[in-house]
There are 2 protein chains.
Amino acid sequence: MSASVRSHADKEECDRGDAALTLAFTILGQRWSALVLGSLRAGPAGFRELSRAIDGLSDSVLSDRLAKLTQARLVRRRVEEGPPVSVTYELTDHGEALMPALDQISAWAVEHLDLPPD
Amino acid sequence: MSASVRSHADKEECDRGDAALTLAFTILGQRWSALVLGSLRAGPAGFRELSRAIDGLSDSVLSDRLAKLTQARLVRRRVEEGPPVSVTYELTDHGEALMPALDQISAWAVEHLDLPPD
DNA sequence: GATGTTGCTTCGATTTTCGAAGTTGCTACG
DNA sequence: CGTAGCAACTTCGAAAATCGAAGCAACATC
């Protein structure tokens with residue numbers, strides 16, 4: 001049997017695994033990343049504005065997420081020297097392209113998850 | 001000024017926050033949850049099969065995720081007494097309803113993320 | 001000068017996840 | 001009958017991720 005034949009387990013992973021989804025969730029599966037992206041849907045925002053918009057998110061993690069999302073080219077960091085210095089984060093085209101999927105997840109959650117009462 | 005008037009910060013959160021997306025990502029934002037759901041798209045599977053299908057996922061976390069997804073009614077755990085005992089996990093209607101969004105995320109990742117070469 | 005805001009960084013504490021080892025109950029085989 | 005292997009998990013110490021408070025420089029405002 002030639003070496004190119006995959007084992008049963010490899011075949012299973014091929015059938016059930018989804019490399020693209022796996023890659024997507026190396027980013028989205030990190031706590032708060034999806035919500036940071038979702039928050040930018042409303043337009044560019046500064047650090048403090050994002051911090052206020054997302055309850056429970058710590059500054060150090062926000063900083064980390066913005067760096068990682070920028071590195072993944074989903075977010076662009078724009079600096080205006082001022083004074084005072086002004087930094088805004090905005091979605092790139094790659095980031096914008098994810099918004100319909102996040103909308104779909106939102107709509108799904110309304111329909112299929114138990115939202116807690118206000 | 002009446003007590004019902006929200007502060008500016010509350011208004012910001014209202015404009016940028018998305019309670020439904022936030023709720024969705026309390027589940028999907030936990031490492032591996034989305035991939036477990038995505039893996040079940042191919043049909044019901046047992047614990048080992050899921051473990052093999054998702055590279056890097058530890059048994060204790062898989063057990064935890066399946067319990068939480070079952071509790072959230074996205075997954076159903078079906079036991080056949082046997083002998084031998086046989087347990088399979090399958091998507092509920094709620095879980096099925098998420099699949100189009102996960103498909104969309106997959107397609108987005110292919111287009112907009114840098115997949116590593118094989 | 002004091003206070004507040006922006007845009008972060010630092011660091012010890014806490015939580016989450018990992019990974020190996022283990023358990024029970026079965027099947028298959030010599 | 002004993003051994004090996006598999007399924008379906010559980011346990012627990014180690015490692016990684018996240019939290020939360022405090023801090024900093026550079027500005028604006030009073």
Side-chain angles (χ1 to χ4, degrees), chain A residues 7-13 16 22 25-37 39-40 43-72 75-90, chain B residues 7-13 16 22 25-37 39-40 43-72 75-90:
Chain A
S7 67
H8 180 65
D10 281 349
K11 187 183 181 310
E12 273 187 42
E13 187 174 348
R16 286 190 178 272
T22 300
F25 274 91
T26 63
I27 295 172
L28 300 179
Q30 287 193 305
R31 200 165 184 207
W32 304 113
S33 286
L35 298 188
V36 171
L37 289 170
S39 193
L40 287 172
F47 191 97
R48 279 288 152 218
E49 188 172 0
L50 289 169
S51 178
R52 284 191 296 268
I54 303 171
D55 215 20
L57 172 58
S58 68
D59 279 0
S60 53
V61 173
L62 177 54
S63 177
D64 176 72
R65 294 301 179 262
L66 287 170
K68 280 173 172 157
L69 293 171
T70 301
Q71 186 176 25
V75 160
R76 177 183 306 116
R77 178 176 186 267
R78 187 191 302 166
V79 183
E80 290 184 16
E81 289 302 326
V85 72
S86 167
V87 182
T88 53
Y89 295 89
E90 63 194 9
Chain B
S7 69
H8 179 65
D10 280 351
K11 186 182 183 310
E12 274 187 43
E13 187 174 349
R16 288 188 175 273
T22 299
F25 273 90
T26 63
I27 295 173
L28 301 179
Q30 285 193 307
R31 201 165 183 207
W32 306 112
S33 287
L35 297 187
V36 170
L37 289 170
S39 192
L40 288 172
F47 190 97
R48 276 293 146 216
E49 188 171 0
L50 289 168
S51 177
R52 285 191 294 268
I54 304 171
D55 215 19
L57 172 58
S58 68
D59 279 0
S60 54
V61 173
L62 176 55
S63 177
D64 175 74
R65 294 301 179 262
L66 287 169
K68 281 173 170 156
L69 292 171
T70 301
Q71 185 176 26
V75 159
R76 178 182 306 116
R77 177 176 186 268
R78 187 192 300 165
V79 183
E80 289 184 16
E81 289 301 325
V85 72
S86 167
V87 181
T88 52
Y89 295 89
E90 62 195 9

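Keep in mind that the numbers below use all heavy atoms, side chains included, and drop hydrogens, waters and symmetry copies. Lettering follows sequence order; numbering is per chain, from 1.
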Checklist entry - Rounding to a whole Å, what distance do you find between R52(A):CZ and dG7(C):C1'? => result 12 Å
Checklist entry - Atom CD of Q30(A) and atom P of dA17(D): how far apart are they, to the nearest Å? => result 8 Å
Checklist entry - Y89(A) OH to dG7(C) C1': how many Å, rounded? => result 7 Å
Next on the checklist: Show the nearest heavy-atom pair for residues F47(A) and L62(A), with the distance to one decimal.
Outcome noted: O-CD2, 3.5 Å
Checklist entry - L57(A) or E81(A): which one's nearest nucleotide on DNA chain D is closer to the 5' end? => result L57(A)
Checklist entry - How many Å lie between CZ on F47(B) and P on dG25(C), as a whole number? => result 18 Å
Checklist entry - How long is the span from the CG atom in L37(A) to the OH atom in Y89(A), to the nearest 0.5 Å? => result 13.5 Å
Checklist entry - Given dG7(C), dA8(D), dT17(C), which nucleotide is nearest the side-chain atoms of R77(B)? => result dA8(D)
Item to check | Distance in angstrom units between R65(B) CZ and dC9(D) C1', rounded | outcome: 16 Å
Checklist entry - From dT27(C), dC19(D), dA7(D), pick the nucleotide closest to the side chain of S58(A)? => result dC19(D)
Checklist entry - In whole Å, what is the span from the CG atom of L62(A) to the P atom of dC19(D)? => result 11 Å
Next on the checklist: How many whole angstroms separate atom CG of D64(A) from atom P of dT10(C)?
Outcome noted: 13 Å
Next on the checklist: Checking the side chain of R65(A) only, and the main-chain atoms of R31(A) only, is there a donor and an acceptor separated by less than 3.5 Å?
Outcome noted: yes
Next on the checklist: Counting only side-chain nitrogens and oxygens, does W32(A) get under 4.0 Å of the OP1 or OP2 atom of dC19(D)?
Outcome noted: yes
Checklist entry - Between dT18(D), dT17(C), dC8(C), which one does the side chain of V61(A) approach most closely? => result dT18(D)
Checklist entry - If you check the R48(B) side chain, which of dA8(D), dT10(D), dG7(C) turns out closest? => result dA8(D)
Next on the checklist: Distance check, rounded to the nearest 0.5 Å: L66(A) atom CG versus L40(A) atom CG?
Outcome noted: 7.5 Å
Checklist outcome for this item: Separation of dA21(D) atom C1' from D59(A) atom CG, nearest Å, is 10 Å
Next on the checklist: Check this one for me: any side-chain N or O of R31(A) less than 4.0 Å away from OP1 or OP2 of dT15(C)?
Outcome noted: no
Next on the checklist: Does S60(A) contact dG20(D) through a side-chain donor or acceptor facing the base, at a distance under 3.5 Å?
Outcome noted: yes
Item to check | Side-chain heavy atoms of L57(B) within contact of V36(B), under 4.5 Å | outcome: yes
Next on the checklist: Quick check: on DNA chain D, is the nucleotide nearest S63(B) upstream (toward 5') of the one nearest V85(A), or the reverse? Name the residue that is more 5'.
Outcome noted: S63(B)
